[in-house]
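Heads up: the structure comes next, in structure tokens.
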Amino acid sequence: MPLAKKTVTDMTTGAIRPLILRFALPLIAGNLLQQLYNTVDCVIVGNYVGKEALAAIGSTGSLVNAVLGFFVGLAAGGAVVISQYFGAHDIVNVRRTIHTLMAGSFIAGTVATFFGRFLSPVILHLMNTPDDVFGMANQYLQIFFSGSLFFMVYNVGAGVLRALGDSTRPLFFLVISSILNVFLDLAFVVGLKLGIAGAAYATVISQVIAMLLVLFVMFHTKELYQIKIRELRIHGDALKRVLRLGLPGGVQMAITAFSNVFVQAYINRFGSACMAGWSCFNKIDQVSLMPIQSVSLSATTFVGQNYGAHDFKRVKGGAATSMQLAFVWTAMLVTVFEVFPAQLIGMFNRDEQVLYYGNFFLRVGAPFYVFRVLNQVFGGVLRGLGNALAPTVVMLSSFVVFRQIYLFITTHLTSSFIPVSLAYPVGWCLCGILMTIVYTVYSRKIFSRQPSVS
């Protein structure tokens, strides 16, 4: 099958900045829309059901990310494999990897559904979830994890398109499903008075639509990423390479998210108002992270293709351009968060205590976002170079080991919520510093031994 021309982007030629921007901007919008699924749930539930329901949804985020993050990490490794094969013009292995990933997404979605539903009440108990929140949180999770298959298939399919330089159509699909999610939230929560269950049903139904759209395109296109049922199978060699690049990232995402379950457990000690304030902060924080992660993914795709083409001058240029774009975004973001914290938190809930906690968490955390730029972009570049292990080790060391030790020590020294609120920022600082060191050492090693193609 020839290289597609219309929707597949070859990043091995052309000006670097326009290429990364054209790829990153739809990806930023798409990731923001996907994150808005849960954020819209929080806004509507927080305003029409109450702070306990808001706390319930917010407390589920870490568990959701722990179960689904593992499989998303594997899919990200597959995207790196595809981009490298594409850069080397190895079309046979591009298609073998695509069909392996799509077949695997159906299996992974089924597994995530089972484990998510089974583990939800157990983990909520371990998190010391208050009684006034537990029932609603468990109800939300049971419904949400029932849609894991749809989530997985959509994200793997969209990841395949992005790995080949098409970030526009995944955005279009998310626009449709996100608009639908808002209307369904209003209909189920406000109109039918289904409460937190209505928000969960709205999210699952919207994800079904996104999955159907991406599958329709992949089955009916004539492009490189066309899916054929007779080719859907797990290819051992493709799976092995996907696991080599994706397993470290999947494990890192799952363990990091799971460690945040215990951060949530510390927050839960301070009651539903603090939980709700933390939920507001987390939703804003997750939305704000999406553009940085999108630039990181753009860097991974760009670096992966050019590394596959052995053009190391472009690899360096792509890394530098991605870092500049992420820093510009972060500077604007921090300014908004420091000037308008009350307005942002107030979108979710106007309770005085919720506003107090949310404002504090947001203003304290925002200045440290600069360190997240370092760990996200350098981590993305390292994965594009085929080194998935190093960023995984760095992130696990910073976000799991160090963060849990920090929380254990500080919470035994004081009963204040302030040290807990600093758990995220101190982890970002350590990770950013370590990732910069690792990238500097590894890139020098790679670029010194392999001459650039001009």
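Only this structure's heavy atoms are used, side chains among them; waters, hydrogens and symmetry mates stay out.
- For the residue pair Arg314/Thr12, the side-chain donor-acceptor check at 3.5 Å is not satisfied.
- For Thr129 (side chain) and Leu124 (main-chain N/O), a donor-acceptor pair under 3.5 Å exists by modelled atom type.
- Between the side chain of Ser296 and the backbone N or O of Ile292 there is no donor-acceptor pair closer than 3.5 Å.
- Side chain of Thr321 to main chain of Gly318: no donor-acceptor pair is present (N/O by atom type, distance under 3.5 Å, no hydrogens or angles).
- Taking the six-membered ring where tryptophan is involved, the planes of Tyr424 and Trp428 are tilted, since the angle between them lies from 30° to 60°.
- Phe219 CZ: more than 12 foreign heavy atoms inside a 6.0 Å radius.
- No donor-acceptor distance shorter than 3.5 angstrom exists from the side chain of Asn306 to the backbone of Ala309, with no hydrogens or angles considered.
- In this structure a side-chain-to-backbone donor-acceptor pair under 3.5 Å is present from His99 to Lys228.
- Considering Leu382, Val381, Leu374 in turn, Leu382 is the only one that fulfils the side-chain contact (heavy atoms from CB on, under 4.5 Å) rule with Met435.
- Closest heavy-atom contact between Met395 and Asn375: CE-O, 3.6 Å.
- The shortest side-chain heavy-atom distance between Asn181 and Gln207 does not fall under the 4.5 Å cut-off.
- Shown here for Thr221 and Met218, the closest heavy-atom pair between the two residues is CG2-O, 3.8 Å.
- Side-chain atoms of Gln226 and Arg95 include no donor-acceptor pair closer than 3.5 Å.
- A parallel orientation is assigned to the rings of Tyr140 and Phe144, their planes being inclined by less than 30° (bins at 30° and 60°).
- Ring-plane geometry between Phe134 and His125 is classed as tilted, the angle between the planes lying from 30 to 60 degrees on a 0 to 90 degree scale.
- Judged by distance alone, with hydrogens and angles left aside, the side-chain atoms of Asn47 form a donor-acceptor pair with the main-chain N or O of Met347 at under 3.5 Å.
- Within 6.0 Å of CZ on Phe188 lie more than 12 heavy atoms contributed by other residues, nucleotides or ligands.
- With ring centers used as reference points, Trp278 lies under 6.0 Å from Phe361.
- In terms of modelled atom types and a separation under 3.5 Å, the side chain of Ser105 and the main chain of Met152 share no donor-acceptor contact.
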Decide yes or no on salt bridge (charged side-chain N to carboxylate O under 4.0 Å, His left out) for Arg372 and Asp285, but give the supporting numbers first. CA-CA 11 Å; Arg372 291 206 304 189; Asp285 177 68; 3.0 Å; yes
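- Under the 6.0 Å cut-off for aromatic ring centres, Phe115 and Phe145 do not qualify, their centroids lying 6.0 Å or more apart.
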